[in-house]
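Working notes, structure below.
Reminder, nothing fancy here: chain letters follow the sequence lines and each chain counts from 1. Because only heavy atoms are used, hydrogens play no part in the values below, and waters and symmetry mates are left out as well, while side chains stay in.
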2 protein chains.
Amino acid sequence: MTRRLATDDLLHLEHFLPYRLSVLANIVSATIASAYAARHDLTTPEWRVMAVLAREPGLSAAQVAERTAMDKVAVSRAVARLLRHRRVTRRAATADRRRSRLRLTPAGMAVYIEVSPAALDYEQELLKVLSSAESRTLDAVLHRLLGRARELAADRIIRATNH
Amino acid sequence: MTRRLATDDLLHLEHFLPYRLSVLANIVSATIASAYAARHDLTTPEWRVMAVLAREPGLSAAQVAERTAMDKVAVSRAVARLLRHRRVTRRAATADRRRSRLRLTPAGMAVYIEVSPAALDYEQELLKVLSSAESRTLDAVLHRLLGRARELAADRIIRATNH
DNA sequence: TAATAATGGTTTCAATTGTAACTAAATAGC
DNA sequence: GCTATTTAGTTACAATTGAAACCATTATTA
């Protein structure tokens with residue numbers, strides 16, 4: 001008994017995981033950005049660069065790119081703005097003079113120390129609607145989904161490259 | 001016994017939920033887009049508009065915006081492209097001539113019917129790394145997080161407006 | 001050790017996106 | 001019924017982003 005192809009068999013946007021992830025991530029990022037963007041004249045890429053440099057001073061731009069999942073152009077632009085605002089310093093690495101060593105200035109650290117708790121508060125407010133078991137599951141699930149998403153993305157790239 | 005403020009107390013990007021959501025959503029969206037963008041000359045906004053029109057023919061642009069979480073400008077641009085490619089039709093609503101009624105053409109439906117299973121396959125591939133219990137939890141958790149994120153975003157807007 | 005390739009990072013140019021201003025039609029107030 | 005508002009959607013302009021070309025330095029290799 002074959003059925004006609006019905007729209008029910010096809011994709012329903014509201015239930016489609018990629019769409020839901022995208023909407024959630026956008027609203028969350030926009031809300032957080034609205035908290036620091038105006039007050040500190042800080043973009044999301046800058047904020048990410050600062051966050052990794054706070055924990056690992058002396059990283060190069062490429063290392064920052066790795067840790068923030070940004071591309072090198074985005075890092076370059078964020079760093080340029082941070083330099084102009086005297087929030088980071090840059091000097092050439094002694095061994096390899098192509099490579100830079102980036103650090104937060106005290107002023108940069110001060111901004112980070114002020115913004116960071118607000119961001120963490122927001123995260124806590126968001127997680128209030130989950131039980132601690134759900135939070136743990138979410139943590140594990142996101143970790144595994146990200147790994148899987150990277151695998152699938154790599155697959156595609158190989159296929160696309162070999163076209 | 002008070003401790004000095006350490007970077008451990010501050011935000012660690014890799015563990016920060018908003019950051020992780022953003023990275024995951026981006027890689028997932030980019031992978032899916034790479035599947036249909038080149039093959040069908042279709043952008044993500046167009047794809048979303050098509051997906052809702054497939055299920056609910058005759059929606060207005062504003063209704064499409066609601067259901068896709070896009071703003072009206074993005075919908076307008078996506079619809080303009082879809083009209084040019086003869087993938088949707090538009091006529092004015094009889095009652096209110098400002099309002100449009102949008103429908104997929106057979107050609108538009110054909111594209112949707114071709115792309116849709118590939119997108120659903122991708123979703124299944126992604127979810128393979130989760131148990132069915134985890135999938136169900138994720139579903140519920142995303143639903144609640146989205147509701148909460150909307151509340152928090154609304155809060156901010158009110159505060160921002162009353163500055 | 002000269003020539004070539006690879007790497008780190010920046011710049012340029014085009015495409016995408018966001019914000020505000022706008023047009024057209026409908027509704028509300030008087 | 002005439003003006004003021006609101007709503008639906010588009011357009012214009014600025015800011016952001018992405019892809020490719022680019023410069024400088026280091027590594028490779030013949």
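Ranking C:dA26, C:dT17, D:dG18 by closeness to the B:Arg77 side chain, first place goes to C:dT17. Among C:dA26, D:dG9, C:dG18, the nucleotide with an atom closest to any side-chain atom of B:Asp71 is C:dG18. For B:Arg97, whose side chain is taken as the heavy atoms from C-beta onward, the closest listed nucleotide among C:dA25, D:dT11, C:dT10 is C:dA25. Minimum atom distance to the side chain of B:Ala61 is reached by D:dG9, of the listed C:dG8, C:dT11, D:dG9. Listed nucleotides: D:dT26, C:dA20, C:dT11. Nearest to the side chain of A:Val73: C:dT11.
The separation between A:Glu66 atom CD and C:dT7 atom C1' is 14 Å, rounded to whole Å. Whole-Å rounding puts the B:Asn26 CG to D:dG18 P distance at 9 Å. A straight line from CZ of B:Arg101 to C1' of C:dA25 spans 17 Å, rounded to a whole angstrom. Rounded to whole Å, the distance from CE on A:Met70 to P on C:dG8 is 17 Å. In this structure, A:Lys72 atom NZ and D:dT17 atom C1' are separated by 16 Å, rounded to whole Å. One can place CZ of B:Arg81 at 11 Å from C1' of C:dA15, the figure rounded to the nearest angstrom. Computed from coordinates, the A:Asp96 CG to D:dC23 P distance equals 20 Å when rounded to whole Å.
Residue B:Ser60 is classed as a sugar-phosphate contact, given heavy-atom separations below 4.0 Å to backbone atoms only. Among the protein residues, B:Ala95 comes within range of the sugar-phosphate backbone only, with heavy atoms under 4.0 Å from sugar or phosphate atoms but none that close to a base. Using a 4.0 Å heavy-atom cutoff across all strands shown, A:Ser100 reaches sugar-phosphate atoms only and no base atom. Heavy atoms of B:Val75 sit nowhere under 4.0 angstrom from any nucleic acid atom.
Once rounded to the nearest 0.5 Å, the distance linking CZ of B:Arg87 with CG of B:Leu53 reads 13.5 Å.
Side-chain contact between A:Leu59 and A:Arg101: absent, with no pair of heavy atoms (C-beta onward) separated by less than 4.5 Å. Contact check for A:Met70 versus A:Val49: side-chain heavy atoms found under the 4.5 Å cut-off. At a threshold of 4.5 Å between non-hydrogen side-chain atoms, the residues A:Arg48 and A:Val64 do not count as touching.
In the interface, the side chain of B:Arg98 is paired with the base of D:dT7 through a donor and an acceptor atom under 3.5 Å apart.
Across every non-hydrogen atom of A:Leu142 and B:Arg20, the tightest pair is CB-NH2, 3.7 Å.
Under 4.0 angstrom from either OP1 or OP2 of C:dT27 there lies no side-chain N or O belonging to B:Arg99.
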